[in-house]
Amino acid sequence: MVARIPVGRLATYGQIAELIGAWGCARQVGWALRRLPLPSELPWHRVVNAAGRISLSPGREGSDWIQRQMLIGEGIAVDAQGRLALAPHRWRPDAPVHLEPAPCEPVPPLDLPLA
DNA sequence: AACCTGACGACCA
DNA sequence: GTGGTCGCCAGGT
């Protein structure tokens with residue numbers, strides 16, 4: 001689902017969770033993205049928190065600032081506190097996605113094609 | 001088993 | 001606008 005986010009658009013952790021049928025499992029989306037080997041083909045940097053901020057954390061060991069630079073590179077203004085304008089850049093799938101409710105299971109290996 | 005810690009989010013002061 | 005609490009769930013100690 002993250003792979004579908006176009007350049008210059010944003011989605012939230014909770015939104016991704018909801019789109020894959022795992023309503024309320026935002027933390028697991030962060031859990032999955034956290035484990036991505038970087039650099040990654042997946043546009044992980046286009047996922048931000050619902051407050052409209054990059055989740056800054058020392059535990060990310062710099063990936064948060066990389067995220068900021070990548071977003072700026074795509075034309076999205078991000079201030080030094082990670083704040084950005086979420087609503088104007090918010091992405092929504094073209095076609096509605098209907099899935100059965102799913103539990104918050106660990107994600108499978110991410111070798112999905114970037115379609 | 002009982003904590004603690006997260007790339008979260010809704011709510012409230 | 002900010003900050004704190006709480007519910008959430010996976011993992012680690």
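Order of the sequence lines sets the chain letters (A, B, ...), proteins ahead of strands, with each chain counted from 1. All values derive from a computational prediction rather than experimental measurement.
Of all heavy-atom pairs spanning A:Leu38 and A:Ser63, the tightest one is CD1-CB, 4.0 Å. Nearest heavy-atom pair across A:Pro43 and A:Ala3 is CD-CA, 3.8 Å. Contact detail for A:Gln67 and A:Val47: the closest heavy-atom pair is NE2-O, 2.9 Å. Nearest heavy atoms, A:Met1 versus A:Ile20: CB-CG2, 3.9 Å.
For A:Trp23 and C:dC8, the CH2 to P distance is 10 Å, given to the nearest whole Å. Atom pair A:Trp31:CH2 and C:dA10:P shows a separation of 9 Å (rounding to whole Å applied). Atom CD of A:Gln81 and atom P of C:dG1 are 12 Å apart (whole Å).
A:Pro93 is listed as a side-chain neighbour of A:Leu19, based on a closest heavy-atom distance under 4.5 Å. Looking at A:Arg4 and A:Trp91, their side chains come closer than 4.5 Å, going by heavy atoms from C-beta outward.
In the hydrophobic clustering of this structure, A:Tyr13 groups with A:Leu42; members are Ile, Leu, Val, Met, Phe, Trp, Tyr whose side-chain heavy atoms approach within less than 4.5 Å, directly or through other members.
Close approach of DNA chain B to chain A, defined as any atom under 4.0 Å from a non-hydrogen atom of the protein, starts and stops at B:dG6 to B:dG9.
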Practice item. Using Watson-Crick or G-U wobble pairs with both distances under 3.5 Å, give me DNA chain B in dot-bracket, 5' to 3', with [ ] for crossers and | for pairs to another strand. Key: .|||||.||||||

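We find the CG-CD1 distance between A:Leu10 and A:Ile76 to be 4.0 Å, quoted to the nearest 0.5 Å.
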Exercise for review: Step by step, work out the side-chain contact (heavy atoms from CB on, under 4.5 Å) result for A:Asn49 and A:Ile54.
Suggested key: CA-CA 6 Å; A:Asn49 65 39; A:Ile54 290 174; over 6 Å; no

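For B:dA7 and C:dT13, the C1' atoms lie 22 Å apart once the distance is rounded to whole Å.
Salt bridge annotation for A:Glu74-A:Arg46: present, with a cationic side-chain nitrogen under 4.0 angstrom from a carboxylate oxygen.
Using a 4.0 Å heavy-atom cutoff across all strands shown, A:Gly24 reaches no nucleic acid atom at all.
A side-chain donor from one of A:Arg90 and A:Gln15 sits under 3.5 Å from a side-chain acceptor of the other.
A heavy atom lying under 4.0 Å from DNA chain B marks the following residues of residues 53-75 of chain A, by number: A:Ser55, A:Ser57, A:Arg60.
When each of A:Arg83 and A:Arg27 is assigned the nucleotide of DNA chain C with its nearest heavy atom, A:Arg83 is the one assigned upstream, toward the 5' end.
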